[in-house]
There are 2 protein chains.
Amino acid sequence: MPAKPKVEDEYSRLYKMIVTGKIMPNERIVEMDYAQMFNCNRANIRRALARLEQDGLVVIEPFKGARVRLVTPEEAVETYEVRGALETLLVSQAAKLATEADKAILREILNKLYEARDNGDPMRVGTIGRQIREELWRISSHKTALKFLTQINSQLIRSSYRSVMMPGRADAIAQQLTEVVDHVSDGDAEKASEAMRQYHASAREALVAALQVKDYVF
Amino acid sequence: MPAKPKVEDEYSRLYKMIVTGKIMPNERIVEMDYAQMFNCNRANIRRALARLEQDGLVVIEPFKGARVRLVTPEEAVETYEVRGALETLLVSQAAKLATEADKAILREILNKLYEARDNGDPMRVGTIGRQIREELWRISSHKTALKFLTQINSQLIRSSYRSVMMPGRADAIAQQLTEVVDHVSDGDAEKASEAMRQYHASAREALVAALQVKDYVF
DNA sequence: TGTTGCTGGTTTGTTGACGATACTACCAAC
DNA sequence: GTTGGTAGTATCGTCAACAAACCAGCAACA
């Protein structure tokens with residue numbers, strides 16, 4: 001009765017299990033086990049794994065199977081850098097395209113961000129900060145950059161959790177994102193992207209610092 | 001007797017056929033046909049297609065099969081923009097890391113570029129220009145950005161051929177890349193990436209112009 | 001004790017067959 | 001002449017079984 005290919009299902013289910021840490025890094029993914037768990041065929045798991053491999057979430061070795069890929073700290077930093085470059089591009093588009101309604105939404109989310117900050121809830125600041133950035137993604141309407149950003153984010157969800165917990169990070173996020181939103185509201189693409197560049201520069205610093213706290217395994 | 005999975009083969013064979021235009025845009029890719037042509041199983045073609053879909057080179061519709069994806073002009077421009085953002089990031093790394101040997105290589109390729117320009121061979125200017133940029137990729141050692149750039153380039157090989165034929169484009173390429181290489185040689189990351197940004201800005205313009213020449217099907 | 005070589009079990013890679021779906025051409029009715 | 005329905009074909013999605021390769025454990029030997 002499957003009107004459309006189920007592979008999408010298995011893919012996203014596995015995807016979620018990996019990025020949420022349900023399947024730990026370096027853990028093997030035996031095709032048969034997950035086929036039974038998901039109540040589907042091995043071939044579907046197989047295809048899902050192939051896609052996940054291209055996402056950089058798993059590695060597949062011939063005749064040895066798939067396992068969750070271990071992301072090295074250096075790689076995480078590099079990924080942050082790429083994300084920064086893309087979002088900088090994207091914000092300049094957003095500044096040119098933002099409607100009044102868009103600006104209102106951004107303001108609104110920003111207020112929630114302040115609230116979270118004042119409540120001393122860094123985790124929530126991180127979540128809302130991400131929400132703002134995703135809103136900017138939407139506003140920019142840059143499908144291609146969006147595609148890559150989506151792909152990228154999967155790889156650093158876990159790192160992000162750590163860096164947002166660094167002392168002072170929450171304040172910095174609030175301040176810098178405010179600046180970004182301000183410039184976007186003014187329609188100043190140049191300044192907006194410069195502000196975003198700075199946001200990402202300091203996000204990168206925070207990550208590097210977080211990574212040095214101890215040799216954390218991603 | 002295949003010691004390792006052949007899927008890599010089928011993938012790259014199909015890949016080449018698509019980017020070189022052997023399989024035309026919108027042309028159907030019937031699994032069975034190519035399985036016979038490559039003398040392999042349908043499952044391999046299937047997996048190769050799944051990967052190509054994520055590369056954005058083919059689209060797969062349930063029960064309708066795969067076909068080479070048609071890249072719209074808007075998409076090509078967006079892709080150029082993303083490429084520009086990534087290479088700008090990457091050049092600043094290259095400026096920091098370039099050794100004397102690297103600089104010598106860059107100079108050498110640059111000379112070949114001048115030669116091609118003076119011979120009035122825009123196609124060759126394009127090819128060599130690309131060679132320089134790939135050299136910069138290597139120097140930057142930014143694996144993550146590189147991964148994405150590789151992925152991206154597959155989608156715009158055909159567009160590139162067109163934009164390099166625009167009048168004056170060859171000269172602009174030579175001039176702007178010289179500037180980039182100069183700054184990289186000086187180790188000035190800031191200026192180098194700014195120069196690269198300009199290069200890509202004008203590459204984008206050239207593409208837009210080329211696209212408007214006539215409604216070319218990619 | 002340390003190393004080598006075998007052996008059984010486990011997991012993957014491959015294959016062919018079957019059922020499901022969408023497209024197409026034909027025919028009848030209006 | 002056009003529209004609507006229907007059968008046939010081509011193609012895809014799914015599945016289960018087989019073959020090849022890897023791995024752990026044990027035994028034999030230096």
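Scope of the values below: all heavy atoms of this structure, side chains included, with no hydrogens, waters or symmetry mates. Below, chain A is the first sequence line, B the second, and so on; all start at residue 1.
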Grab the N/O contacts between the protein and nucleotides 5-12 of chain D below 3.5 Å, and write none if there aren't any.
| unit_1 | atom_1 | unit_2 | atom_2 | d |
| --- | --- | --- | --- | --- |
| D:dC12 | O3' | B:F63 | N | 3.3 |

Just the rounded figure in Å: distance from [atom2] of [N] to [atom1] of [X].
X	N	atom1	atom2	answer
A:N39	D:dA16	CG	P	11 Å
A:F38	D:dT14	CZ	P	15 Å
A:R47	D:dT14	CZ	C1'	10 Å
A:I45	C:dT11	CD1	C1'	14 Å
A:Y34	C:dT12	OH	C1'	16 Å

> With sequence neighbours left out, which residue pairs that include part of residues 79-92 of chain A fulfil the salt bridge (charged side-chain N to carboxylate O under 4.0 Å, His left out) condition?
Replying inline: A:E81-A:R204, A:E87-A:R133
>> Is it the case that the side chains of A:Q93 and A:S140 hold a donor-acceptor pair, with the cut-off being a distance below 3.5 Å and no angle test?
In response: no
> Going by atom types only, do A:Q155 and A:D55 share a side-chain donor-acceptor pair under 3.5 Å?
Replying inline: no
> With a 4.0 Å cut-off, would you call A:R138 and A:D102 a salt bridge?
Replying inline: yes
> Do the charged groups of A:E100 and A:K103 touch, with an N to O distance under 4.0 Å?
Replying inline: yes
>> Among residues at least two apart in sequence or on other chains, which ones pass side-chain contact (heavy atoms from CB on, under 4.5 Å) with A:K96?
In response: A:S92, A:A189
>> A:R42: which residues meet the side-chain contact (heavy atoms from CB on, under 4.5 Å) condition with it, sequence neighbours left out?
In response: A:E31, A:M32, A:A35, A:R46
Pull out every protein N or O sitting under 3.5 Å from an N or O of nucleotides 5-10 of chain C, one pair per line with the distance.
none

> Taking only N and O in the side chain of B:N41, is any of them less than 4.0 Å away from OP1 or OP2 of C:dT15?
Replying inline: yes
> Distance check: side-chain N/O of A:N44 vs OP1/OP2 of D:dT14, anything under 4.0 Å?
Replying inline: yes
> Among all residues two or more places apart in sequence or in another chain, which pass the side chain to side chain donor-acceptor pair (under 3.5 Å) test with A:E61?
Replying inline: none
